[in-house]
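Worksheet: the structure to be examined is printed underneath.
In listed order, ligands and their atoms are each counted from 1. Note that the coordinates shown come from a computational prediction; the quantities given were computed from them, not determined experimentally.
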Amino acid sequence: MNRLLIVGPPGAGKGTQAVKIAEKLNIPAISTGDIFRKNIKEETDLGKEAKSYIDSGNLVPDSVTNRMVRARLAEADTANGFLLDGYPRNTAQVHELDSILAETHQQLDRVLLLVADNDELVARLLNRAAEQGRTDDNEEVIRHRLKVYEEETAPLIAIYRERGIVKEVNGLGEIAEVTDRILSALN
Ligand code: B4P
C-alpha cells in the first residue's frame, strides 16, 4: 500500500516531485498548498480565509486545514493510496492525520524527507518568483517561510523517525535525478 508523505523545506522540490512520483505509482498527489491556491484563485470562502496567512508565509489555521484534508482523503481516488505534499506541517496536524487514517484502519507507510541547503532553497524560490509571480515568493516572505518550517514543521520529522518510516533523500541536482533517488528509496 502506498500511503505516503513528502516533507521538506519550501523550495526543496516537494510539489515538483510529488506530481511525478504520484503519477508513477498511480496514486493522487494531494498538495494542501495547491488546494489553497486554487481556492484563492476562485475566491471561495476557504480561499478568502487562507489568503492572508499564505501571503505572509504563515501556516493557515489547523481548523481550516484539517477539515479540508479530511474531506479530500474521503474521496474515492485515495482507496489505493495517496501522496500527501505539505500536510502535516506541524505536530498537531500529525495527530489529526493519525486520527483521520485510524478511522478507516489506515496509517502512513513512508515519509520522504527531501533536503537541500538554504541558499539553494532561496535561489529556487526567487527563480520561481521571477517565472510565476507567486505572492509568497519574495525574499522577505521566503525567509519567514523557512523559519516557520524550522520552528513548526521540522519537529514532526522526529515523530515519524521514531516510527521508523522516514527516508531521507538529497533534493540537489537535476529534477529527474531526484525523482530516481525517491523511487529507489521507496523500493
Ligand atoms: P506549499 O504550496 O507547500 O509551498 P512550498 O513549501 O513553497 O513548496 P512547493 O512544493 O510549492 O515548492 P517546491 O519545493 O516543489 O505551501 C504554500 C503555503 O500554503 C504555506 O506557506 C502555508 O501558508 C500554506 N499551507 C500549505 N500546507 C499547509 C498546511 N498543512 N497547514 C497550514 N498551512 C499550509 O519547488 C520550489 C521551486 O523549486 C519550483 O520553482 C521548482 O521548479 C524548483 N525546483 C524543484 N526541484 C528542483 C531541482 N531539483 N532543481 C532546481 N529547481 C528545482
Identity of the nearest option to atom 14 (O) of ligand 1, non-hydrogen atoms only, from Gly8, Ala18, Gly13
Gly13
Examine distances only and state if a side-chain atom of Glu177 and a backbone atom of Glu174 form a donor-acceptor pair shorter than 3.5 Å.
yes
Check ligand 1 against Ala12 and write out every atom of the ligand that is under 4.0 Å from a heavy-atom position of the residue.
14 (O)
Atom of Glu49, atom of Val64 and distance for their closest heavy-atom approach:
OE2-CG2, 3.4 Å
Run the numbers for me: atoms of ligand 1, each under 4.0 Å from some heavy atom of Thr32, listed by number.
26 (C), 27 (N), 28 (C), 30 (N)
For Ser31 and Asp34, indicate whether the former's side chain and the latter's backbone hold a donor-acceptor pair under 3.5 Å.
yes
Numbering the atoms of ligand 1 from 1, which are under 4.0 Å from a heavy atom of Tyr87?
30 (N)
Smallest heavy-atom separation, Ala185 atom then Val169 atom, equals CB-CG2, 4.0 Å
Top protein contact for atom 49 (N) of ligand 1, by heavy-atom distance
Gly173 O, 2.9 Å
Can you tell me which portion of Gln17 lies within the under-4.0 Å heavy-atom range of ligand 1? Options are side chain, backbone, both, or neither.
neither
Donor-acceptor contacts under 3.5 Å from residues 105-112 side chains, at least two apart:
{"from": "Gln106", "atom 1": "OE1", "to": "Arg3", "atom 2": "NE", "distance (Å)": "2.7"}
{"from": "Gln106", "atom 1": "NE2", "to": "Thr104", "atom 2": "OG1", "distance (Å)": "2.7"}
{"from": "Asp109", "atom 1": "OD2", "to": "Arg3", "atom 2": "N", "distance (Å)": "2.9"}

Is there a polar contact between ligand 1 and Val60, counting only N or O atoms under 3.5 Å apart?
yes
From the options Val178, Ile175, Leu25, Ile182, select the one residue that forms a side-chain contact (heavy atoms from CB on, under 4.5 Å) with Lys20.
Ile175
Using atom types as modelled, flag every donor-acceptor pair under 3.5 Å from a side chain in residues 115-126 to any protein atom, sequence neighbours excluded.
{"from": "Asp117", "atom 1": "OD1", "to": "Asp119", "atom 2": "N", "distance (Å)": "3.4"}
{"from": "Asp117", "atom 1": "OD1", "to": "Glu120", "atom 2": "N", "distance (Å)": "3.1"}
{"from": "Glu120", "atom 1": "OE2", "to": "Arg124", "atom 2": "NE", "distance (Å)": "2.8"}
{"from": "Glu120", "atom 1": "OE2", "to": "Arg124", "atom 2": "NH2", "distance (Å)": "3.4"}
{"from": "Arg124", "atom 1": "NH1", "to": "Gly11", "atom 2": "O", "distance (Å)": "2.9"}
{"from": "Arg124", "atom 1": "NH1", "to": "Ala12", "atom 2": "O", "distance (Å)": "3.1"}
{"from": "Arg124", "atom 1": "NH2", "to": "Gly171", "atom 2": "O", "distance (Å)": "2.8"}

If you measure every N/O of Asp34 against every N/O of ligand 1, is any gap under 3.5 Å?
no
Out of all atoms in ligand 1, which are within 4.0 Å of some heavy atom of Thr65? Include the element for each.
29 (C), 30 (N), 31 (N), 32 (C)
Closest non-hydrogen atoms of Thr179 and Ile21, given as atom of the first, atom of the second and distance, are CG2-CD1, 3.7 Å
Quick one: does Glu177 get a heavy atom under 4.0 Å from ligand 1?
no
Provide the number and element of each atom of ligand 1 under 4.0 Å from a heavy atom of Arg145.
5 (P), 7 (O)
Between Asn58 and the options His144, Glu152, Arg145, the side chain to side chain donor-acceptor pair (under 3.5 Å) test singles out His144
Nearest non-hydrogen protein atom, atom 20 (C) of ligand 1
Arg89 NH2, 3.7 Å
Donor-acceptor contact present, side-chain Ser99 to main-chain His95, <3.5 Å:
yes
Using every non-hydrogen atom in the two residues, find where Ala18 and Ala29 come nearest and quote the distance to one decimal.
O-CB, 3.8 Å
What residue and heavy atom of the protein are closest to atom 6 (O) of ligand 1, and at what distance?
Lys14 NZ, 2.9 Å
Heavy atom of the protein closest to atom 19 (O) of ligand 1 (residue, atom name, distance):
Ile54 CD1, 3.7 Å
Closest non-hydrogen protein atom to atom 30 (N) of ligand 1, residue and atom name please, with distance?
Gly86 O, 2.8 Å
For atom 4 (O) of ligand 1, grab the closest protein heavy atom and report residue, atom and distance to one decimal in Å.
Arg134 NH2, 3.2 Å
For atom 15 (O) of ligand 1, which of the options Gly11, Gly15, Ser31 provides the nearest non-hydrogen atom?
Gly15
Against heavy atoms of Asn58, which atoms of ligand 1 measure under 4.0 Å?
22 (C), 23 (O)
Under 4.0 Å from ligand 1, counting heavy atoms only, is it the side chain of Lys51, its backbone, both or neither?
neither
Can you report which non-hydrogen protein atom sits closest to atom 44 (N) of ligand 1, along with the distance?
Arg124 CD, 3.8 Å
So the atoms of ligand 1 within less than 4.0 Å of a heavy atom of Ile175 turn out to be 46 (N), 47 (C), 48 (C), 49 (N)
Can you confirm whether the side chains of Asn90 and Asp62 place a donor and an acceptor under 3.5 Å from each other?
yes
Strictly by modelled atom types, are Asn66 and Gln93 linked by a side-chain donor-acceptor pair under 3.5 Å?
no
For atom 45 (C) of ligand 1, closest protein heavy-atom neighbour
Thr16 OG1, 3.3 Å
Relative to the heavy atoms of Gln93, which atoms of ligand 1 are at a distance of less than 4.0 Å?
29 (C), 30 (N), 31 (N), 32 (C)
